[in-house]
K.L.:
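Structure incoming, see below.
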Amino acid sequence: MTQTDTNRVLIFDTTLRDGEQSPGATMTHAEKLEIAELLDEMGVDIIEAGFPIASEGDFRAVAEIAERSKNAVICGLARAQLPDIDRCWEAVKKSERPRIHTFIGTSPLHRAIPNLTMDEMAERIEQTVSHARNLCDNVQWSPMDATRTEWEYLCRVIEIAIKAGATTINIPDTVGYTAPRESAALIRRLIETVPGADEVVFATHCHNDLGMATANSLAAVEAGARQIECTINGLGERAGNTALEEVVMAMKVRNDIMPFETGIDTRKIMHISRRVATVSGFNVQFNKAIVGKNAFAHESGIHQDGMLKNAETFEIMRPEDVGLAGTSLPLGKHSGRAALRAKLKGLGVEVGDNQLKDIFVRFKELADRKKEVFDDDVLALVTATMDGDTEKLQLVNLKVVCGTGGPAEATLEMEIDGAEHSASCQGDGPVDASFKAVRKLHPNTAQLQLYQVHAVTEGTDAQATVSVRLAEDGMIATGQSADTDTVVASVKAYVQALNRLLTRREKLGPGADAREISYKELG
Ligand code: KIV
Ligand code: ZN
């Protein structure tokens, strides 16, 4: 039986070699060990741990990963030069399952670099692969830039590599140039025509320059390749390599038309994806397949409604299968009533139809002003509908001047009962100055019991959520607001809390048994 007859596809992960090679993605020694351990635990068949001749650090990392890894074959990369191959062997030999991966560029452009004729290159391949095979019985050989190499020459050198002892023949699409039909045709041609092809495993190694790495890899597998080379999150040079999570989940979800198996525990995908993003410093784009923040998030009302009735309406795989706790239904301006009711239920709040109607109107107004409506916002809306909050005080404009040279100065314009007023105040920092200006326009004795700032999103343009709790005459009210400007969010939260105090005082009357009304009382 040849490899092609089985439906088991080997997963060869090169996050620590081709991935780490991408500019800016360098990992520390400890980080490489951690990622290798996670790859080993998730069931990767072969880990390409580094390029031992490249640096002392790479050598140490490959050697230590080789010593520690429990299940995977540990592979190191080497150019077609004897000292490279020796160094690679030194690094991988402590593995229980070592592999040497040696390569040379075979396309016309790559042959021109070492200035070798076709015959001279063929001789070099024979010499280096034999040398590697004398050291290690598991040898992978790659004709770099295979997809731009003359097919006839490719067949010739692959035959030489097989005869010299290569056990895996990898076909790299080094510059991401091929397309699915061609990728399949090339693999098929090699398997059908190269003598000895049935004794080796054919691998596919694709780059994503035209966004076709996943499709090209799967097409190669359909044509008979039985090893996919890939990286977590598609990390890699330029547009990256084939993403491990994409090919693995594609074969799992569409096993009906791609009946191939891997040894990957897909529930470990999310965790390793996050760790690779953190240690490489390459954040995953929100809409990245499988591992993007939005890959299992639904905001539109129609989608949320469908998801709540039957998750299969808009999801082709279960979030749990990739290691997520569940689907995310973030609330935003596209969300509908069903999603709002589900969110309230999740927060422990049961509301009747009339109250839901009221909350929904306020929610839509808020969602028009904010990108994402958070749990605390929803709870504040619930309290507002109970209180029948009116907005006596409204922030119109705020300007703050601050620096290192002296006190901050805030100029505030506020509408009070429909009439505009303005005031300027100095303070110990911009928030203090702004709160003083609010008190100048609306004198009150409310004590600031709590002032908290959280960054909700990442980056310097992050949304800051500010919570303010005020107490006055035994009455407590909270305000919460989010804005990319922390001072603006602070003033809005402060004004919201003041409005709530005013509303409650009006409702309860002076001397009433005032207390904070919590959303939990609504149930
Ligand atoms: O893309 C490529 O050609 C490579 C080889 C070294 C296999 O990464
Ligand atoms: Zn590559």
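Just follow the structure's listing: the first ligand is 1, and inside any ligand the first atom is 1.
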K.L.:
Give me the protein N, O or S atoms that fall under 2.8 Å of the Zn ion (ligand 2), sorted by chain and residue number.
P.N.:
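Listed by chain and number: Asp18 OD2, His205 NE2, His207 NE2.
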K.L.:
With sequence neighbours left out, what residues match Arg111 under salt bridge (Lys or Arg N to Asp or Glu O under 4.0 Å)?
P.N.:
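Partners of Arg111 under the salt bridge (Lys or Arg N to Asp or Glu O under 4.0 Å) test: Glu150.
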K.L.:
Tell me the closest heavy-atom pair linking Ala36 and Leu16, and the distance in Å.
P.N.:
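That closest heavy-atom pairing would be CB-CD1, 3.9 Å.
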K.L.:
CD of Glu312: more than 12 outside heavy atoms within 6.0 angstrom?
P.N.:
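No.
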K.L.:
Pairs of nitrogen or oxygen atoms, one from ligand 1 and one from the protein, closer than 3.5 Å: please tabulate them with distances.
P.N.:
residue: ligand 1; atom: 1 (O); partner: His205; partner atom: NE2; Å: 3.1
residue: ligand 1; atom: 1 (O); partner: His207; partner atom: NE2; Å: 3.0
residue: ligand 1; atom: 3 (O); partner: Thr174; partner atom: OG1; Å: 2.6
residue: ligand 1; atom: 8 (O); partner: Arg17; partner atom: NH1; Å: 3.4
residue: ligand 1; atom: 8 (O); partner: Arg17; partner atom: NH2; Å: 2.9
residue: ligand 1; atom: 8 (O); partner: Asp18; partner atom: OD2; Å: 3.1
residue: ligand 1; atom: 8 (O); partner: His205; partner atom: NE2; Å: 3.1

K.L.:
Please check if the side chain of Asp45 supplies one atom and the backbone of Ile11 the other of a donor-acceptor pair under 3.5 Å.
P.N.:
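Flag set: sc Asp45 to bb Ile11 pair under 3.5 Å.
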K.L.:
Flag the pair Asp86 / Leu135 as yes when at least one side-chain heavy-atom distance between them is below 4.5 Å, and no otherwise.
P.N.:
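Heavy-atom side-chain distance check passes, below 4.5 Å.
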K.L.:
Using salt bridge (charged side-chain N to carboxylate O under 4.0 Å, His left out), reason through Lys364 and Asp368 one step at a time and then give a plain yes or no.
P.N.:
CA-CA 6 Å; Lys364 281 285 179 180; Asp368 258 341; over 6 Å; no
K.L.:
How would you list, by chain and number, every residue that makes a salt bridge (Lys or Arg N to Asp or Glu O under 4.0 Å) with Glu90, sequence neighbours excluded?
P.N.:
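Applying salt bridge (Lys or Arg N to Asp or Glu O under 4.0 Å) to Glu90 gives Lys93.
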K.L.:
Ion pair present between Asp256 and Arg254, side-chain N to carboxylate O less than 4.0 angstrom?
P.N.:
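The answer is yes: the pair qualifies as a salt bridge.
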K.L.:
Identify whether the distance between the nearest side-chain nitrogen and carboxylate oxygen of Lys268 and Glu41 falls below 4.0 Å.
P.N.:
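A salt bridge is absent here (no side-chain N lies under 4.0 Å from a carboxylate O).
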